[in-house]
There are 2 protein chains.
Amino acid sequence: MKWGELEEEPCSMARTIGVIGDRWTLMILRECFLRTRRFEGFQSSLGITRHLLAERLKKLVRQGVLRRIPYQDSPKRHEYILTQKGLDLYPIMMAIVHWGDTHMVDARGRPLLHQHRKCGKDFDPVMICSECGEPLSAKEVHTHPGPGARRTPAIAAPEKPKAKTRRSAA
Amino acid sequence: MKWGELEEEPCSMARTIGVIGDRWTLMILRECFLRTRRFEGFQSSLGITRHLLAERLKKLVRQGVLRRIPYQDSPKRHEYILTQKGLDLYPIMMAIVHWGDTHMVDARGRPLLHQHRKCGKDFDPVMICSECGEPLSAKEVHTHPGPGARRTPAIAAPEKPKAKTRRSAA
DNA sequence: TGATACAGTTCTAAAAACGAACTGTCAATT
DNA sequence: AATTGACAGTTCGTTTTTAGAACTGTATCA
């Protein structure tokens, strides 16, 4: 499996990772959600090399996650703003931040709080089941192949022909 | 900003990305949630090089995301299972898969469906506010510095002392 | 005139990933 | 007894990516 092919894998996770699954892309996206729009803005707040930044922005535009919009004419200048497809990445970002808040903070506590405008309170994101509204956890979920499946959802998973599981289950 | 330093950034997103923010790590984690536990299992279903796999697994263990547990003695063999910290990554995984299901599927539809054992139905994950229970979207959220903040949540913003770096000096 | 802001591009060195082969233990075959 | 195969890595030479720094080019400001 090469990275260029990731987008075509029959796995929504692999495809998504093909788009946003590298460190800088994720950091760039974080900046987008913090309202950064311009090349210099990304560059100076992230410290990313200009070369990579240009490349990543291009890719994100190609993928329809960002839109490149002119904001002045004289020297042509553009800003990068999230499309709806990009905005839809929000749950991913929030989930990442929340895991960091839970498992990676130092003694000082979380660096950033999130306030929900609607209810006015600082909140944590909670993931629930769309059908019954209960919070989700890995163990309560069973996966099964959907219409776009190929063999396993996975990549290859070669069949073990006989599986004589060594010296047994004790 | 070098990658080794990412974990110390005053930003939960950067820290999390330092742990799980590369393509193979994410794919390995996906396998974990699909119940893969052993080296060969990861290797053959992902097609990752053995070298990288070994490295990533070690890192995940160091970070407390996986635990390495012996399952036989003769030749020492271990399996890798998710710790609670690892299981807590579930919302991230689900968010990623869901975005892929929404924006990256081909005509055949989604490769994998998720059934909630509790209610028995195939579901989508929905992210809500822990305080009021309403679904979240980027625009309804306001961020502000928390106790662990440093200036911006952001990274560094290198000091430009006077910077006559460019085209002159000639 | 000269400096600065902005958005890139180009180039070389360093780091990471790939690919394939190799090591070593043990179980089951031949 | 020797061979094969499963399993879990490690080693090493090659290719690909990234880092880091400088350069290009337009236009405004002082």
Side-chain angles (χ1 to χ4, degrees), chain A residues 1-6 17-18 21-28 36-61 66 68-80 158-170, chain B residues 1-6 17-18 21-28 36-61 66 68-80 155-158 160-170:
Chain A
M1 176 167 51
K2 284 164 213 138
W3 284 124
E5 302 161 13
L6 249 199
I17 290 174
D22 75 288
R23 294 153 125 121
W24 283 125
T25 299
L26 255 0
M27 293 302 283
I28 289 168
T36 299
R37 291 165 150 72
R38 300 183 184 178
F39 194 92
E40 291 295 317
F42 291 109
Q43 204 285 317
S44 66
S45 58
L46 295 176
I48 184 177
T49 65
R50 312 176 71 75
H51 178 56
L52 253 205
L53 175 57
E55 209 154 74
R56 292 291 187 266
L57 288 173
K58 249 177 227 160
K59 179 171 179 187
L60 255 6
V61 169
L66 298 179
R68 188 161 173 270
I69 299 189
Y71 69 90
Q72 71 171 41
D73 237 22
S74 13
K76 284 255 181 189
R77 291 282 183 268
H78 304 82
E79 20 186 46
Y80 297 88
E159 293 297 316
K160 295 191 202 168
K162 278 273 154 64
K164 346 163 155 215
T165 335
R166 37 245 295 24
R167 88 191 257 107
S168 73
Chain B
M1 174 165 54
K2 283 163 216 140
W3 283 124
E5 303 161 13
L6 248 199
I17 290 174
D22 74 289
R23 292 154 125 121
W24 283 124
T25 299
L26 255 0
M27 292 303 281
I28 288 168
T36 298
R37 293 164 150 73
R38 300 183 185 179
F39 194 93
E40 292 294 318
F42 291 110
Q43 204 284 317
S44 65
S45 59
L46 294 177
I48 183 176
T49 65
R50 312 176 72 77
H51 178 55
L52 251 206
L53 175 57
E55 209 154 75
R56 291 292 187 267
L57 288 173
K58 249 178 227 159
K59 179 170 180 189
L60 256 5
V61 169
L66 297 180
R68 188 161 174 272
I69 300 190
Y71 70 89
Q72 71 172 39
D73 240 22
S74 12
K76 285 255 183 190
R77 293 281 183 265
H78 304 82
E79 24 187 41
Y80 298 88
I155 302 299
K160 299 187 198 170
K162 274 287 153 47
K164 17 188 86 177
T165 342
R166 21 262 267 27
R167 78 177 298 143
S168 51

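A note on names: the letters A, B, ... follow the listed sequences, proteins ahead of strands, and every chain is numbered from 1.
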*Pick out which of A:His78, A:Arg77, A:Glu79 makes a side-chain contact (heavy atoms from CB on, under 4.5 Å) with A:Arg38.*
A:Glu79
*Let me know, please, whether B:Gly41 or A:Gln72 comes out on the 5' side of the other along DNA chain D by nearest nucleotide.*
B:Gly41
*Classify the nucleic acid contact of A:Thr49 as base, sugar-phosphate or nothing, counting any heavy atom under 4.0 Å across all strands shown.*
base
*Nearest whole angstrom, please: distance from the P of D:dG20 to the CG of A:Leu46.*
14 Å
*asked:* If I take atom CG in residue A:Leu57 and atom P in nucleotide C:dA7, what distance separates them, rounded to the nearest angstrom?
replied: 10 Å
*Give a yes/no answer on whether the side chain of B:Trp24 brings an N or O atom under 4.0 Å of OP1 or OP2 in C:dA16.*
no
*Under 4.0 Å: is that the gap between some side-chain N or O of A:Lys58 and OP1 or OP2 of C:dA7?*
no
*Going through the distances and angles, do B:Arg68 and B:Tyr80 end up as a side chain to side chain donor-acceptor pair (under 3.5 Å)?*
CA-CA 5 Å; B:Arg68 188 161 174 272; B:Tyr80 298 88; 3.2 Å; yes
*Which part of the nucleic acid does A:Phe42 contact within heavy-atom distance under 4.0 Å: base, sugar-phosphate only, or nothing?*
nothing
*Between D:dT26 atom P and A:Glu40 atom CD, what is the distance in whole Å?*
17 Å
*asked:* Without decimals, in angstroms, what is the distance between B:Glu55 CD and C:dA17 C1'?
replied: 10 Å
*Atom-pair distance (CD on A:Gln43; C1' on D:dA19), nearest Å*: 12 Å
*Determine the contact category for A:Tyr71: base if any of its heavy atoms lies under 4.0 Å from a base atom, sugar-phosphate if only primed atoms, P, OP1 or OP2 are that close, otherwise nothing.*
sugar-phosphate
_On DNA chain C, does the nearest nucleotide to B:His51 precede the nearest nucleotide to A:Arg77 from the 5' side, or the other way round? Give the residue._
A:Arg77
*Go through D:dA19, D:dG25, D:dG9 for me and flag the one nearest to the B:Tyr80 side chain.*
D:dG9
*For residues A:Arg50 and A:Phe39, determine if any side-chain heavy atom of one lies less than 4.5 Å from a side-chain heavy atom of the other.*
yes
*Among A:Leu52, A:Thr36, A:Leu53, A:Thr49, which residue meets the side-chain contact (heavy atoms from CB on, under 4.5 Å) test with A:Gln43?*
A:Leu53
*Quick one: is A:Arg56 getting a side-chain N or O under 4.0 Å of the D:dT18 phosphate, OP1 or OP2?*
yes
*5′-ward residue of the pair A:Pro75/A:Ala54 relative to DNA chain C*: A:Pro75
_Can you measure A:Leu52 atom CG to C:dT9 atom P for me and round it to whole angstrom units?_
13 Å
*Does D:dG9 have OP1 or OP2 sitting under 4.0 Å from an N or O in the side chain of B:Arg68?*
yes
*Under 4.0 Å between a side-chain N or O of A:Lys59 and OP1 or OP2 of D:dT17?*
no
*Is a side-chain donor or acceptor of A:Gln72 paired with a backbone partner of A:Pro75 at a separation under 3.5 angstrom?*
yes
*Please check the phosphate of C:dT23 (OP1 and OP2 only) for any side-chain N or O of B:Arg50 closer than 4.0 Å.*
no
